[in-house]
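Step one of this worksheet: look at the structure below.
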Amino acid sequence: MAASTLSSPASSQLCSSKNGMFGASSSQALMVKPTRTSVVGKDRGVKITCQATSIPADRVPDMEKRQLMNLLLLGAISLPTAGMLVPYASFFAPPGRTGAGGGTVAKDAIGNDVIAAEWLKNHGPGDRTLTQGLKGDPTYLVVESDRTLATYGINAVCTHLGCVVPWNTAEKKFICPCHGSQYNNQGRVVRGPAPLSLALAHADIDDGKVVFVPWVETDFRTGEAPWWA
């Protein structure tokens, strides 16, 4: 009959006569190696002696493979996530190139920078034409009666429900086609249902280009603090 003996048995060690098995403690792993000894005599059999050897925790088999798989999994998750964040970042970032003073260079209908001198050649006194302004909002450039650009631009977004308000040359007003709100030639509300005047932006000239800068001062049309700031 086969007999097996264990040397210094402990609760964290385990032995089998078929193959080596592992027992683990908090700081190290134990590997048990069986040794086979033949006994010749009246009662033939096999004597199994088990010896436990300790393995450092950082040398546990397959640990490097597990770390590699974790890194691969992290990479597989990170790349698609980063790709999804790009459109959101683009949405919140104001379009267009910024000027030296932190403003936004005005763009014409085809996306070109607005050059002040060229603009005045093609737009006469009293003209109000849409450009792309701060945060991409449609913004009117105003040409004064002396053929100079006004120092302000008028945001074309209606303060009622957000429609783009066109300039009515015959009426000399901004008249909203959605619900009939009206604004004077400077964008001050003169008829509802719009509750507020159109927002303003500074229209500066930097290196020959028109640059819109946020208007944070008192609204010169109403004498009140700007509601959009």
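Note that this is a predicted model, so its numbers are computed, not measured.
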* **Heavy-atom side-chain proximity of Lys121 to Trp119 below 4.5 angstrom** => no

* **Pair Val211-Ile205, side-chain contact (heavy atoms from CB on, under 4.5 Å): steps then yes or no** => CA-CA 6 Å; Val211 178; Ile205 298 177; over 6 Å; no

* **Stepwise side-chain contact (heavy atoms from CB on, under 4.5 Å) check, Phe220 with Trp215** => CA-CA 11 Å; Phe220 68 88; Trp215 187 295; 3.6 Å; yes

* To do: Would you check if His202 and Glu217 make a side-chain contact, meaning some heavy-atom pair closer than 4.5 Å?
  => yes

Tell me which donor-acceptor pairs under 3.5 Å the side chains of residues 160-169 have, and how far apart each pair is, sequence neighbours excluded?
residue: His160; atom: ND1; partner: His179; partner atom: ND1; Å: 3.4
residue: Asn168; atom: OD1; partner: Ala170; partner atom: N; Å: 3.1
residue: Asn168; atom: OD1; partner: Glu171; partner atom: N; Å: 2.9

* Val114 vs Lys107, side-chain contact (heavy atoms from CB on, under 4.5 Å): CA-CA, chis, key distance, verdict -> CA-CA 5 Å; Val114 174; Lys107 302 287 185 180; 5.6 Å; no

* Asked: Ignoring hydrogens and geometry, is there a side-chain-to-backbone donor-acceptor pair from Arg221 to Gln186 under 3.5 Å?
  -> yes

* Group every Ile, Leu, Val, Met, Phe, Trp and Tyr by side-chain heavy-atom contacts under 4.5 Å, then state whether Phe212 and Val143 land in the same group. => yes

* To do: For the pair Lys135 and Asp137, evaluate salt bridge (charged side-chain N to carboxylate O under 4.0 Å, His left out) and give the outcome as yes or no after the intermediate values.
  => CA-CA 6 Å; Lys135 300 181 181 178; Asp137 285 350; over 6 Å; no

* Could you grab the distance from atom NZ of Lys209 to atom CD1 of Ile115, nearest 0.5 Å is fine? => 5.5 Å

* Out of curiosity, does Leu134 fall in the hydrophobic cluster containing Leu200 (side-chain heavy atoms, cut-off under 4.5 Å, transitive links)? -> no

* To do: Ignoring hydrogens and angles, tell me if any N or O in the side chain of Asp108 forms a donor-acceptor pair with the backbone of Asn112 under 3.5 Å.
  => yes

* To do: Indicate the atoms forming the closest heavy-atom contact of Ala116 with Leu149, along with that distance.
  => CB-CD1, 4.0 Å

* To do: Find the distance between NE2 (His123) and OG1 (Thr129) and round it off to the nearest 0.5 Å.
  => 4.0 Å

* Mind checking side chain to side chain donor-acceptor pair (under 3.5 Å) for Thr148 and listing every partner two or more places apart, or none if nothing turns up? => Asp146

* Is any side-chain heavy atom of Ile154 closer than 4.5 Å to a side-chain heavy atom of Val142? -> yes

* Would you say Ser197's side chain and Val189's backbone share a donor-acceptor pair under 3.5 angstrom? -> yes

* Asked: Does a sphere of radius 6.0 Å around CG in Asp207 hold more than 12 heavy atoms from other residues, nucleotides or ligands, not counting ones at 6.0 Å or beyond?
  -> no

* Asked: Are Leu130 and Phe174 connected in the hydrophobic side-chain network, where two residues link if heavy atoms are under 4.5 Å apart?
  -> yes

* Within the distance-only criterion (no hydrogens, no angle test), does the side chain of Arg147 pair as donor or acceptor with the backbone N or O of Gly124 below 3.5 angstrom? -> no

* Asked: Under 4.5 Å between any side-chain heavy atoms of Trp228 and Leu198, yes or no?
  -> no

* Asked: Would you say the side chain of Thr222 lies within less than 4.5 Å of the side chain of Arg188, judging by non-hydrogen atoms?
  -> yes

* Residues which pass side chain to side chain donor-acceptor pair (under 3.5 Å) with Thr159, listed by chain and number, not counting sequence neighbours -> Tyr183

* Val210 with Leu120, same ILVMFWY side-chain cluster at under 4.5 Å -> yes

* **Minimum-distance pair of heavy atoms, taken over all atoms of Cys176 and Cys158** => SG-SG, 4.0 Å

* For the pair Thr131 (side chain) and Thr139 (backbone), establish whether a donor and an acceptor sit closer than 3.5 Å, ignoring hydrogens and angles. => yes

* **Side-chain (Asn184) to main-chain (Gly187) donor-acceptor, under 3.5 angstrom** => yes

